[in-house]
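Below is one structure, written out as structure tokens, with a few remarks after it.
The chain is numbered in sequence order, starting from 1.
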Amino acid sequence: MAVTTQKSAQVTAIDAGSGALDLNKYGASLRKLEFDFAQSGAGDAGSLASLVALPAGKVTVVLPLSRIAFSALGAARTMDLGWLAYTAPDGTAVAADPNGLDDGVDVSAAGAVVPGGTVGGAETYTFESQAGVTLTAQVNDGTIPDAATLDGYVVIAHS
């Protein structure tokens, strides 16, 4: 064996002149988007809570740095985290995905979670939009009670 010096695919591409730095990965600012949500009147299963509005452009949600706290929503309740429909930079409509960021979080008792059960090992998700994207929480398996609360923050990388 020998000591080696090797390059990642990204550094190799930059050295060859064929790659550019993705500022959402290299040099983007991390921003913390806080939210406080209180349900007004009980909502049926499938009710949505809009939590944060991401800015337009390319935005990466960093789930391991994010946190969502919740009041007790009732026996056997679960919550999904996702987004509303939005428009991509090329004008293409992107469908809503109510569980695109996390699926089936147990919210029967009060608690808090670091989201990220859906997006895979990287635990980040990159959106590219014309006018921004709204992140949502959807309560399943029963009603969301009046005065139920969700609060916390979502950390994003945005250049």
Pair Phe37 and Phe35, ring centroids less than 6.0 Å apart: no
Donor-acceptor pair, side chain of Ser108 and main chain of Gly74, under 3.5 angstrom: no
Only residue of Leu150, Asp151, Ile144 satisfying side-chain contact (heavy atoms from CB on, under 4.5 Å) with Phe70 is Leu150
Non-hydrogen atoms of Asp80 and Pro98 that approach each other most closely: CB-O, 3.3 Å
Shortest non-hydrogen contact between Val62 and Ala157, atoms and distance: CG2-N, 4.3 Å
Stepwise side chain to side chain contact (heavy atoms under 4.5 Å, CB included) test for Tyr153 and Val155: CA-CA 7 Å; Tyr153 51 89; Val155 174; 4.1 Å; yes
Is there a donor-acceptor pair closer than 3.5 Å between any side-chain N or O of Gln130 and the backbone N or O of Pro89? yes
Which distance, rounded to the nearest 0.5 Å, do you find between the OG of Ser66 and the NZ of Lys32? 10.5 Å
Straight-line distance of Leu65 CG to Glu123 CD, nearest 0.5 Å: 11.5 Å
Regarding Thr143 and Asp44, is there a side-chain donor-to-acceptor distance under 3.5 Å anywhere? no
In Å, rounded to the nearest 0.5 Å, how long is the span from OG1 of Thr124 to CD1 of Ile156? 13.0 Å
Mark yes or no for whether Asp102, through its side chain, and Gly116, through its backbone, hold a donor-acceptor pair below 3.5 Å. yes
Decide yes or no on side chain to side chain contact (heavy atoms under 4.5 Å, CB included) for Val154 and Leu51, but give the supporting numbers first. CA-CA 9 Å; Val154 175; Leu51 302 179; over 6 Å; no
Exercise: do Thr60 and Thr126 side chains pair donor with acceptor under 3.5 Å: yes
Shortest non-hydrogen contact between Leu81 and Pro115, atoms and distance: CD1-CB, 3.4 Å
Leu135 vs Leu54, side chain to side chain contact (heavy atoms under 4.5 Å, CB included): CA-CA, chis, key distance, verdict: CA-CA 8 Å; Leu135 301 186; Leu54 303 180; 4.0 Å; yes
Nearest 0.5 angstrom please: Asp103 CG to Gln138 CD, how far? 9.5 Å
Between Thr134 and Val52, is the side chain to side chain contact (heavy atoms under 4.5 Å, CB included) condition met? List the steps. CA-CA 6 Å; Thr134 300; Val52 296; over 6 Å; no
Kindly indicate whether the side chain of Val61, heavy atoms from C-beta on, has any atom under 4.5 Å from the side chain of Phe127. yes
How many angstroms lie between CG in Leu48 and CH2 in Trp83, if you round to the nearest 0.5 Å? 13.0 Å
Below 4.5 Å, heavy atoms only, C-beta onward: do Ile68 and Met79 meet side chain to side chain? yes
So, taking the atom named CG in Leu84 and the one named OG in Ser50, what distance separates them when rounded to the nearest 0.5 Å? 5.0 Å
